[in-house]
*Asks:* 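Before I ask anything, here is the structure I am working with.
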Amino acid sequence: MSDVPVQGRAAGHPSGGTTGFDALDRRLVHALQLDGRAPFSRIAAVLGVSDQTVARRYTRHRTNGALKVLGLADARALGDIEWMVRVQCTPDAAASVAEALARRTDTSWVSLMSGGTEIAAVCRAASSDDSDALLLQKLPRTPSVIGVTAHCLLHEFFGGPQGLISKSGALADAQIAELSPKPPHDQPGAGVTLTDADRRLFDALARDGRTPLGELAAHTGWSPSTVRRRLAELRADGVLYFDVDYDLRQFGYGVMVALWLSVAPAELAAAGEALAAHPEVAFACATTGPHNLFASVLCRNVGALYSYLTTRVAALPGVRAMESAPRIRHLKGPGPLVLTSPAGAGRRR
């Protein structure tokens, strides 16, 4: 998921000041972002601490809701379509519409934006017909919804299994190399067909990516050895990846903004790649529509946001227009909706 470096400000990073996670916590998060199911003994050896220390840190943060590993299915590897959806509502209904969207199994990253009258969400569909059901039938007919815009996600410049913490310097290059799993095949998802047992496996991993093999076996009806083998296959095929969901407050982030840019087509790839390298950017993608470049931006405060927008964003090639919308309430992250999760838990988009 994402992170800032050791003890407040590191070189070039947007977050400064005191945060809730210490240096070891940040290294642990970075290790889990690289391999969410890495044994604690392996992580401990790379970090230079005991197994018990790693297990104790993870258990404490997991129990408090500040940190969670999720095993997720990659939409593009499976051929699914993702939509960046913006829903305009009357002020009295926005919260209830957002909560209804968050309860759906085909949504992620659901937030209330701006003055509380706009909802941002990512919607996933296996086909155009499935997209129609939500975007053209259900949402427009919902009382108090006064507008819906949807932008198809075309290309991801930064996000997914990378995580913002990869920009933090929490781990040294040698540690990253030790903990990084083998990259997936060149053609992610090629020839992969998910069975009902696979779907039960993903359901369990989306709630806890570190669910023990025995419990996964009980969910799927497979033996533990079959579960281990299938996990390896799905990861090698690029269909399964692990993400870390955490409480942004623990990293000193005070402002999250959705940034929509209109970029000249000839400059879109260059602008997207430049944007993806910014320390403030947790997610960046190209989309359809007049605003064809989207980013989730995290900053320490509004002053840091202003500085970022007027320097690095202003210097991007080909930008013709910009729209920004601050997030005022986060309802759902990349995994299933968990009603007991703390306010502010979330990550990249």
*Asks:* Please check this pair: side chain of R37 against backbone of T211, looking for a donor-acceptor N/O pair closer than 3.5 Å.
*Replies:* yes
*Asks:* How about CG on D173, more than 12 heavy atoms from neighbouring residues, nucleotides or ligands closer than 6.0 Å, or not?
*Replies:* no
*Asks:* I want to check something: taking the side chain as every heavy atom from C-beta on, are L72 and F242 in contact at a cut-off of under 4.5 Å?
*Replies:* no
*Asks:* Is there a donor-acceptor pair under 3.5 Å between the side chain of D80 and the backbone N or O of R76?
*Replies:*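 Checked: no pair found.
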*Asks:* Please determine whether side-chain hydrogen bond (donor to acceptor under 3.5 Å, both in side chains) holds for the pair H219 and D203, giving the CA-CA distance in whole Å, both sets of side-chain angles, and the decisive distance to 0.1 Å.
*Replies:* CA-CA 9 Å; H219 280 293; D203 286 344; over 6 Å; no
*Asks:* Quick check: does any side chain N or O of S111 sit under 3.5 Å from a backbone N or O of A120, one acting as donor and the other as acceptor?
*Replies:* no
*Asks:* Ignoring hydrogens and angles, tell me if any N or O in the side chain of T59 forms a donor-acceptor pair with the backbone of R56 under 3.5 Å.
*Replies:*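 The answer is no, because no donor-acceptor pair under 3.5 Å joins these two groups.
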*Asks:* When you look at L234 and L194, which way does the side-chain contact (heavy atoms from CB on, under 4.5 Å) test go after all the steps?
*Replies:* CA-CA 10 Å; L234 292 169; L194 297 184; 4.1 Å; yes
*Asks:* I want to check something: taking the side chain as every heavy atom from C-beta on, are W222 and L201 in contact at a cut-off of under 4.5 Å?
*Replies:*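 Touching, per the 4.5 Å side-chain cut-off.
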*Asks:* Under 3.5 Å, is there a donor-acceptor pair between the side chain of E215 and the main chain of P212?
*Replies:* no
*Asks:* Specify whether H151 and W260 have parallel, tilted or perpendicular ring planes, treating 30° as the upper limit for parallel and 60° as the lower limit for perpendicular.
*Replies:*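 If you compare the ring of H151 with that of W260, the planes turn out tilted.
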*Asks:* Taking NZ, NE, NH1 and NH2 as the nitrogens, is one of them in E118 or R327 under 4.0 Å from a carboxylate oxygen of the other?
*Replies:*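 A salt bridge is absent here (no side-chain N lies under 4.0 Å from a carboxylate O).
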*Asks:* Is K68 close enough and on-axis enough to Y58, meaning under 6.0 Å and within 45°, for cation-pi?
*Replies:*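 K68 over Y58 ring: no.
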*Asks:* Has the side chain of T311 got a donor or acceptor atom that lies under 3.5 Å from a matching backbone atom of S307?
*Replies:* yes
*Asks:* Could you tell me which non-hydrogen atom of A276 sits nearest to which non-hydrogen atom of F158, and how far apart they are?
*Replies:* CB-CB, 3.6 Å
*Asks:* Do NZ/NE/NH1/NH2 and the carboxylate oxygens of D245 and K332 come within less than 4.0 Å?
*Replies:*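 Salt bridge: no.
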*Asks:* Search all heavy atoms of Y253 against all heavy atoms of L164 and return the closest pair with its distance.
*Replies:* OH-CD2, 3.3 Å
*Asks:* Given side-chain contact (heavy atoms from CB on, under 4.5 Å), test L240 with L205 step by step and report yes or no.
*Replies:* CA-CA 10 Å; L240 169 64; L205 292 172; 4.0 Å; yes
*Asks:* Within a strict 4.5 Å, meaning less than it, do heavy atoms of the L47 and L171 side chains meet?
*Replies:*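 In contact.
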*Asks:* Using modelled atom types and a 3.5 Å cut-off, is there a donor and acceptor pairing between side-chain atoms of S262 and backbone atoms of P290?
*Replies:* yes
*Asks:* Quick one, V239 and F202 - any side-chain contact, counting heavy atoms below 4.5 Å?
*Replies:* yes
*Asks:* Enter the distance from E99:CD to L112:CG here, rounded to the nearest 0.5 Å.
*Replies:* 8.0 Å
*Asks:* Might you point out which heavy atoms bring A94 and C89 nearest each other, and give the distance in Å?
*Replies:* CA-CB, 3.9 Å
*Asks:* Are any of the side-chain nitrogens in R42 or E178 under 4.0 Å away from the carboxylate oxygens of its partner?
*Replies:* no
*Asks:* Are L24 and T53 packed together at the side-chain level, in the sense that at least one heavy-atom pair is separated by less than 4.5 angstrom?
*Replies:* yes
*Asks:* Stepwise, does the side-chain contact (heavy atoms from CB on, under 4.5 Å) test hold for L259 with F294?
*Replies:* CA-CA 6 Å; L259 190 64; F294 171 84; over 6 Å; no
*Asks:* Nearest 0.5 Å, what's the CD1-NE2 distance between I165 and H30?
*Replies:*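 Interatomic distance, I165 CD1 to H30 NE2, rounded to 0.5 Å: 5.5 Å.
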*Asks:* Run the salt-bridge test on K182 and D35 with the 4.0 Å N-O cut-off and return the result as yes or no.
*Replies:*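 No, K182 and D35 are not salt-bridged.
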*Asks:* Which pair of heavy atoms, one from V263 and one from R320, lies closest together, and at what distance?
*Replies:* O-NH2, 3.7 Å
*Asks:* Once you measure the plane-to-plane angle for F21 and H61, does it fall in the parallel (<30°), tilted (30-60°) or perpendicular (>60°) bin?
*Replies:* tilted
*Asks:* Any sub-3.5 Å donor-acceptor pair from E273's side-chain atoms to A270's backbone N or O?
*Replies:* no
*Asks:* Just how far is it from atom CG of L70 to atom OG of S108, taken to the nearest 0.5 Å?
*Replies:*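 One gets 11.0 Å once the value is rounded to the nearest 0.5 Å.
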*Asks:* So, do F157 and F283 sit near enough that their side-chain heavy atoms are less than 4.5 Å apart?
*Replies:* no
*Asks:* What pair of heavy atoms forms the shortest contact from I328 to S114, and how long is it?
*Replies:*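 Looking at all heavy atoms of both residues, the closest pair is CG2-O, 3.2 Å.
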*Asks:* Measure across A258 and M113 and return the closest heavy-atom pair with its distance rounded to 0.1 Å.
*Replies:* CB-CE, 3.7 Å
*Asks:* Below 4.5 Å, heavy atoms only, C-beta onward: do I119 and L101 meet side chain to side chain?
*Replies:*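 The answer is yes, as the side chains (C-beta and beyond) meet within the 4.5 Å cut-off.
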*Asks:* Check R210 with D208, please: is the shortest side-chain N to carboxylate O separation under 4.0 Å?
*Replies:* no
*Asks:* Ignoring hydrogens and angles, tell me if any N or O in the side chain of T287 forms a donor-acceptor pair with the backbone of H291 under 3.5 Å.
*Replies:*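 Here the side-chain-to-backbone pair exists.
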*Asks:* Are Y306 and V257 connected, step by step, through hydrophobic side chains (Ile, Leu, Val, Met, Phe, Trp, Tyr) whose heavy atoms are closer than 4.5 Å?
*Replies:* no
*Asks:* Hey, does the side chain of D25 reach the backbone of D22 with a donor-acceptor pair shorter than 3.5 angstrom?
*Replies:* yes
*Asks:* Side-chain contact, heavy-atom cut-off 4.5 Å: W83 with R124?
*Replies:*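 Contact flag for W83/R124 side chains = no.
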*Asks:* To the closest 0.5 Å, what do you measure between SG (C152) and CG (L154)?
*Replies:*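 Atom-to-atom, C152:SG and L154:CG are 5.5 Å apart.
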*Asks:* Nearest 0.5 Å, what's the SG-NE2 distance between C285 and H155?
*Replies:*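 The NE2 atom of H155 is 9.5 Å from SG of C285, to the nearest 0.5 Å.
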*Asks:* Verify side-chain contact (heavy atoms from CB on, under 4.5 Å) between L213 and L231, making sure each step is shown before the conclusion.
*Replies:* CA-CA 10 Å; L213 287 177; L231 287 173; 4.0 Å; yes
*Asks:* Output the distance between atom CD (E233) and atom CZ (R228), rounded to the nearest 0.5 Å.
*Replies:* 13.0 Å
